[in-house]
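Letters go in sequence order (proteins before strands), and every chain restarts at 1. Side-chain atoms are counted along with the backbone in the values below, which use heavy atoms only and exclude waters and symmetry mates.
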Amino acid sequence: MTSFERNRSTFVNKDALSESYQPHQIEERDEEIAVYMDALQPIVDGWEPNNIFLYGNTGVGKTAVTEYLLRMLEADVEAYDDVDLSVLTLNCNTLTSSYQVAIAMVNTLREPGDELSATGYPQRTVFTKLYSELEALGGTVLVVLDEIDSIGDRDELLYELPRARANGYLKQTSVGVIGISNDLQFRDQLDPRVKDTLCERELQFPPYEAPELANILASRAAVALNDGACDEGVLNLCAAIAARDSGSARQALDLLRLAGEAAESGEDEVIKESHVEDARQKLDAKRVEEGMRELTVHGKLVLLAIVSKTASRQIPCRGRDVYDEYRRLCAKAKTDPLVRRSVNNHLSDLRMFSIIDATENRSGSRGNYYSYELNVPFQSAVEAMGDALALGDELVRIRKRATQNKML
DNA sequence: CATCCACTGGAAGATATGGCGA
DNA sequence: TCGCCATATCTTCCAGTGGATG
C-alpha cells in the first residue's frame with residue numbers, strides 16, 4: 001500500500017518571504033518610525049492631519065512602515081470617541097495622471113457596479129465627485145498615494161486635495177495626504193505650491209546597508225524556513241548582493257525565497273550559496289519579462305531588431321543600423337514602420353527599463369550618435385520575446401544565427 | 001576658429017480610441 | 001446623433017551637441 005506524504009520542505013511558511021507579508025515588527029527603521037509617528041500625532045490629538053511625503057528607492061520599507069503604522073493608528077484611535085478616522089490607500093502604479101488617480105479614488109469608495117469609467121468626464125467633474133464621496137465619509141480621512149511619482153507632472157490633485165477644506169469643497173471632512181514616491185526627482189519637479197503643502201512633513205528612507213538586510217533576513221527566515229535549512233553565509237550573501245545593487249529588502253527577500261525554491265526543486269534540504277546564484281539569474285529574467293510586457297508592438301519590434309543584431313554579433317550597433325533592421329522586421333510582420341524619431345523614443349524606453357544599454361559616440365565631423373546593445377542575457381531576451389509578434393520563423397533564424405555564433 | 005556631421009531629445013500638434021451628456 | 005473630454009501613440013519640426021576637420 002502506497003500513500004501520499006508531504007515533501008520534506010525547506011520552507012515552513014514561505015509567505016513570510018513574500019511581498020504581501022506583514023511582519024509583526026519592522027526591523028531597522030526605528031528612527032523613521034519615530035519621525036513618522038510624530039507626523040501622525042495630530043490625528044490622535046484631534047487636529048488637522050499633516051500631509052506627509054515619503055521617498056526612497058523601492059524595497060526600503062516605505063510601504064511596509066506605512067501599513068504597519070496606519071494599522072496601529074487605526075487601532076489606537078478607537079479609544080477616542082471624538083476621532084473618526086478613515087484610511088484610503090491607493091497604488092498609483094498604473095495611473096498616469098491626477099485625473100486617473102481621482103477616478104480610482106472615487107471607485108474605491110463607491111459600491112461595485114457604480115464605478116466611473118476611465119475617461120469621458122471633464123476633470124472638474126471628477127474632482128467634484130471625489131469631494132462628495134469624501135464628504136460622505138466625514139471625520140479625518142488619510143489618503144495614502146503609493147507610487148505617486150507615476151502621475152508625472154500632472155499633479156493638480158496634489159494641489160487640490162490638501163486645500164479642499166480651505167477652498168470650501170469639504171466641510172465635514174479633513175483630508176491628510178501621504179504621498180509615497182520611489183523617484184527622488186519627483187519631489188523636485190513638483191509644482192512649488194504643491195511641494196509646500198504636500199511635503200509639509202518629509203521622510204526619506206535611505207537604502208539598507210548589508211548588515212541591516214542581514215538582520216531583516218534573519219528575522220524573516222526564522223519564521224519562513226526550517227531550522228538549519230540554510231547554509232552559513234547564505235543570508236549574508238543575499239544581503240550583500242541586495243545591498244550592492246539596490247539596498248532593497250524586497251530584493252534580498254526575493255533572493256532568499258527563490259534560492260529556497262531552487263534548493264527544493266534540486267531536492268536539497270539546505271539552501272547553499274549556489275542556489276542564491278540561481279535565484280539571482282531568475283530575478284534578472286523576471287525583470288526582463290516584466291519590462292517586456294509593458295512594450296507595444298513597435299517597442300517589441302525595436303527590441304527584436306537589437307536581439308537580431310546581437311545574434312549576428314553586430315553589436316554595439318548604432319541607431320541607424322537598428323532602424324534598418326527594424327524596418328526589415330516590420331516588412332516581415334506586414335506592419336507599417338514608424339519614423340526614425342519614434343523608434344528613438346522606443347530605444348530610450350528600453351534604456352529606461354535597463355533592457356538595453358547605450359554608449360555615446362562622439363566622432364567629431366562624423367557626428368554624435370549612440371551605440372546600443374542588450375543589457376540582459378541574450379537567452380532571457382529571446383525567451384521573453386515569446387511569439388507575440390507572429391514572427392516565429394524570424395525567431396528561429398535568430399536562434400540559429402545565435403547558435404552559430406555560440407551565443408546560446 | 002568656423003564648419004560640419006549624425007544624431008538626440010524637447011515641444012507641439014495630429015490621429016485614433018473609448019466614453020460622457022444632451 | 002453631435003460636441004466634448006482624456007489618453008496613448010505617433011509625426012513633424014527643430015535647436016542643441018561637441019570632437020574632428022580644414
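Sorted by first then second residue, the ring pair (Phe, Tyr, Trp, His ring centres under 6.0 Å) pairs that include residues 81-133 of chain A, not counting sequence neighbours, are A:Y131-A:Y169. Applying the side-chain hydrogen bond (donor to acceptor under 3.5 Å, both in side chains) definition to pairs two or more places apart or across chains, those involving residues 292-303 of chain A are A:H298-A:Y326.
Interatomic distance, A:S98 OG to A:M105 CE, rounded to the nearest 0.5 Å: 10.5 Å.
Interface residues of residues 313-325 of chain A facing DNA chain B, ordered by number: A:R318, A:R320; criterion, heavy-atom separation under 4.0 Å. Of the residues in residues 91-102 of chain A, those lying under 4.0 Å from DNA chain C by heavy-atom distance are A:T96, A:S97, A:Y99, A:Q100. Scanning residues 294-310 of chain A for heavy-atom distances under 4.0 Å to DNA chain B yields an empty list. For DNA chain B, no neighbouring residue in residues 331-339 of chain A is found when judged by any heavy atom under 4.0 Å.
In the helix from B:dC1-C:dG22 to B:dA22-C:dT1, the rotation axis of the first five pairs and that of the last five pairs differ in direction by 20°, rounded to 10 degrees.
Using modelled atom types and a 3.5 Å distance limit, the side chains of A:T63 and A:E67 yield no donor-acceptor pair. Side-chain atoms of A:R401 and A:S312 include a donor-acceptor pair closer than 3.5 Å.
Residues passing the salt bridge (charged side-chain N to carboxylate O under 4.0 Å, His left out) test with A:E360, sequence neighbours excluded: A:R362. Taking the salt bridge (charged side-chain N to carboxylate O under 4.0 Å, His left out) definition, one finds that A:D183 meets it with nothing, sequence neighbours left out. In terms of the salt bridge (charged side-chain N to carboxylate O under 4.0 Å, His left out) criterion, residue partners of A:E133 (sequence neighbours excluded) are, by chain and number, A:R110.
When the side-chain nitrogen and oxygen atoms of A:R340 are compared with OP1 and OP2 of B:dT8, one or more of them lie within a distance under 4.0 Å. Taking 4.0 angstrom as the limit, A:H346 places none of its side-chain polar atoms (N or O) nearer than this to OP1 or OP2 of C:dT9.
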Give each protein N/O atom lying under 3.5 Å from an N/O atom of nucleotides 15-19 of chain C, with the pair distance.
residue	atom	partner	partner atom	Å
C:dT17	O2	A:N368	ND2	2.9
C:dG18	N2	A:G364	O	3.0
C:dG19	N2	A:G364	O	2.7
C:dG19	N2	A:S365	N	2.7

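Ring geometry for A:Y372 versus A:Y370: interplanar angle over 60°, hence perpendicular rather than tilted (30 to 60°).
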B/S/- along nucleotides 10-22 of chain B (protein heavy atoms under 4.0 Å) is B-------BBSS-
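Look at CG on A:L347: it is 13 Å from P on C:dC10, rounded to the nearest Å.
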